[in-house]
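Reading through the structure tokens given below for one structure.
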Amino acid sequence: MELILDILYVYVALYSVYFLALAIRNLNDKPFRIEKRYAQHEEKENLAVVIYSHNNRITLANLINEIKMQDYPIDNFKVFVILDNCQDGSEQIFEQETPLINVINIKDVGTIGKDQAISILLERLCKDQTIDSYVFIDGDRSIPADFLSTVNAALVKHSVLSGETLMVTESLGPVDKIKAAYQKYHMNFLRQARSLFGLAARADSGVFIIRKGIVDQIESVDFKDINSELKYSMLLSKIKFPCTYNPNIQTFVDTANYEFRSPRLSARIDLFKNCFIQIWSNNFVFAEHTLSLLYPNIWLILLTYACVLKHSYRYYFFVDFKIVLFTFLVMLVGFGISLINAKLNFKEIGLLFLYPIYSLCHIIKNLPPIRAIRNKILNREDLPEGTEKLCIDAFVMNGNKELPCRLEFISESGLAKVKFIYKNKKFVTAKHLRMIDALQELKLKLNDYGFVLKICDCCKNFTSCVDGSTNMLKGFCNISYPSPSVKEPKPTLIWNSCNEFSPAPVQNIIEEMVADINEK
């Protein structure tokens with residue numbers, strides 16, 4: 001027990017010194033102010049602005065107008081707008097064609113998501129040698145008139161950048177106001193101070209800038225979720241192109257469209273274990289970025305200091321009580337200094353002091369016994385830690401009749417299963433090594449009762465894509481693609497659907513093997 005206490009104290013003591021160093025460094029943000037002042041005088045790069053939108057018509061129209069009003073030379077940037085299965089008439093914004101805006105309208109193949117949609121565009125642009133850097137922005141954002149000039153100036157010293165997200169908090173509820181105050185503090189202190197020290201930041205796909213050469217080297221982006229963005233950030237640090245936070249690069253977002261996100265603790269720990277064995281290479285930024293994955297929760301710091309102070313005062317401890325007290329005061333002084341340049345008003349500082357209470361409630365809420373009781377009351381399934389689940393609204397066909405249903409694609413401990421839900425009836429497949437095998441079991445089960453799922457994997461126009469992945473979720477649609485702006489290949493996912501759906505004959509695995517042998 002005492003050994004654990006020793007380790008915890010060393011951990012929080014080192015973090016206290018690190019925290020104080022960040023707080024002191026953040027007092028001088030002169031480099032950012034100088035960069036902002038002379039942004040207009042930097043040599044202009046050729047930028048490709050990539051805007052991803054899914055049903056963001058109002059904010060997207062405003063963003064396009066702001067793009068057109070940029071103080072950046074019009075010959076030095078192109079705009080690519082991805083409309084991902086938009087049902088709100090977003091395409092009407094672009095009825096009057098302009099050479100500045102290139103629209104990629106993805107329709108009738110379901111919502112493919114930001115990650116895949118951007119990957120399709122990047123595959124098209126990889127041979128375009130006129131592009132120097134990509135600027136990724138979500139369609140729900142708003143930008144100032146000097147946004148591209150600021151991005152261009154920041155690219156002089158850094159190759160990968162993330163920016164600051166600003167939001168109006170008047171319409172937020174009490175809990176969200178607490179989270180917004182903490183996020184503002186986190187950006188204006190922790191992320192800014194780390195940037196001033198030359199340390200890496202987590203990528204934010206909402207506003208993300210990267211040189212084209214790096215994307216061509218990695219051959220992808222990874223914007224699936226917050227955990228994927230963190231993993232992608234670690235990859236960038238590993239190849240010595242760390243993502244750098246720049247507070248001059250600002251975007252604004254309406255609170256109704258903003259989601260407070262944070263990587264899961266389990267995801268951070270798994271990523272730390274995978275990266276730890278590689279930190280001994282000659283790459284300080286990657287090593288520090290790996291260690292920073294284990295940043296402590298405020299309650300861990302307070303409880304550790306409370307226990308160590310009490311223990312070292314009454315009993316023998318490997319360091320004197322005065323040293324323990326000194327490191328605790330270092331932490332408190334560091335926090336006080338960190339507030340100086342965090343750009344918080346008095347109300348936001350008050351909300352920041354309430355964040356530990358929110359954090360404690362969040363921890364209690366997600367304790368396994370509490371979570372199990374809550375899920376039972378709300379009639380929700382309690383999935384094990386590390387389980388991933390994707391829910392899809394679909395239709396099952398019985399002749400010409402379509403019935404609404406729900407599919408849940410579940411990945412658990414490396415095994416895959418599919419849950420089919422129709423009204424109050426459920427069917428869960430066995431666990432399989434591949435998701436397509438679990439889906440095959442479900443298709444055969446439904447076929448026995450005369451039903452067909454209206455998804456791509458059950459359509460005769462769908463061809464599976466052997467991409468080296470285990471689950472083989474990707475494929476190609478062989479019908480005439482609905483959007484002429486998107487050329488070959490015409491990718492889709494096994495759970496997507498469209499109006500051109502045509503049922504394919506269902507075969508079991510034995511029959512497919514026999515058919516393959518006969519063909520040979």
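The chain is numbered in sequence order, starting from 1. Hydrogens, waters and symmetry mates are skipped; everything else that's a heavy atom, side chains included, is used.
- Residue Ile101 places its CD1 atom among more than 12 non-hydrogen atoms of other residues, nucleotides or ligands, all under 6.0 Å distant.
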Next item on the list: Show the numbers, then the answer: is there a side chain to side chain contact (heavy atoms under 4.5 Å, CB included) between Asn227 and Lys231?
Entry: CA-CA 6 Å; Asn227 299 314; Lys231 183 179 178 181; over 6 Å; no

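- Ring-plane geometry between Phe136 and Phe208 is classed as parallel, the angle between the planes falling under 30 degrees on a 0 to 90 degree scale with a further cut at 60.
- When all heavy atoms are compared, the tightest approach of Pro356 to Trp299 is O-NE1, 2.5 Å.
- Of all the heavy atoms in Ala287 and Ile279, the pair that sits closest is CB-O, 3.7 Å.
- Checked against a 6.0 Å centroid threshold, the rings of Tyr185 and Tyr355 do not count as neighbours.
- In summary, the side chains of Ser90 and Asp88 do present a donor paired with an acceptor at a separation below 3.5 Å, with no hydrogens or angles considered.
- Counting only N and O atoms by type, the side chains of Asp146 and Gln70 include no donor and acceptor under 3.5 Å apart.
- Around CZ of Phe318, the count of heavy atoms belonging to other residues, nucleotides or ligands within 6.0 Å exceeds 12.
- Arg268 forms a cation-pi arrangement with Tyr295, by the criterion of a distance under 6.0 Å to the ring centre and an angle within 45° of the ring axis.
- Side-chain contact between Leu155 and His158 is absent, with no heavy atoms from C-beta onward closer than 4.5 Å.
- Note: Phe32 and Tyr245 fail the aromatic proximity criterion, with ring centroids not under 6.0 Å apart.
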Next item on the list: Tell me, with the steps shown, if Phe284 and Leu199 meet side chain to side chain contact (heavy atoms under 4.5 Å, CB included).
Entry: CA-CA 9 Å; Phe284 170 76; Leu199 303 177; 3.9 Å; yes

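- Val49 is listed as a side-chain neighbour of Ile51, based on a closest heavy-atom distance under 4.5 Å.
- Around the CZ atom of Phe326, the shell of radius 6.0 Å holds no more than 12 heavy atoms that belong to other residues, nucleotides or ligands.
- Of the options Phe189, Phe328, Phe335, a ring pair (Phe, Tyr, Trp, His ring centres under 6.0 Å) to Phe19 is made by Phe189 and by none of the others.
- Looking at Lys78 and Asp128, a side-chain N of the basic residue comes within less than 4.0 Å of a carboxylate O on the acidic one, giving a salt bridge.
- No hydrogens or angles considered: a donor-acceptor pair under 3.5 Å links the side chains of Asn76 and Asn46.
- In this structure, a donor-acceptor pair under 3.5 Å is present between the side chains of Asp71 and Ser149.
- In the displayed structure, Asp320 atom CG is contacted under 6.0 Å by more than 12 heavy atoms of other residues, nucleotides or ligands.
- Under the 4.5 Å side-chain criterion, counting only non-hydrogen atoms from C-beta, Ser142 is not in contact with Thr59.
- In this structure, Phe276 and Trp280 have perpendicular ring planes: the angle between them is above 60°, well past the 30° mark.
- Within a 6.0 Å radius of CD1 in Ile74, no more than 12 heavy atoms belonging to other residues, nucleotides or ligands are found.
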Item checked: Test side chain to side chain contact (heavy atoms under 4.5 Å, CB included) applied to Asp138 and Val207, step by step -> CA-CA 7 Å; Asp138 279 351; Val207 51; over 6 Å; no

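- A salt bridge is absent between Glu348 and Lys177: the closest approach of a Lys/Arg side-chain nitrogen to an acidic carboxylate oxygen does not fall below 4.0 angstrom.
- Side-chain N/O atoms of Ser16 and Tyr305 include a donor and acceptor closer than 3.5 Å.
- Counted by atom type alone, Asn152 and Glu45 present zero donor-acceptor pairs between their side chains at under 3.5 Å.
- Side-chain contact check for Tyr52 and Ser205: no donor-acceptor pair (N or O, by modelled atom type) lies under 3.5 Å.
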Next item on the list: Walk me through it: do Val79 and Asn102 pass the test side chain to side chain contact (heavy atoms under 4.5 Å, CB included)?
Entry: CA-CA 6 Å; Val79 182; Asn102 302 275; 5.7 Å; no

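- Ion pairing of Arg194 with Glu288 is present here, as a side-chain N (NZ or NE/NH1/NH2) and a carboxylate O approach within less than 4.0 Å.
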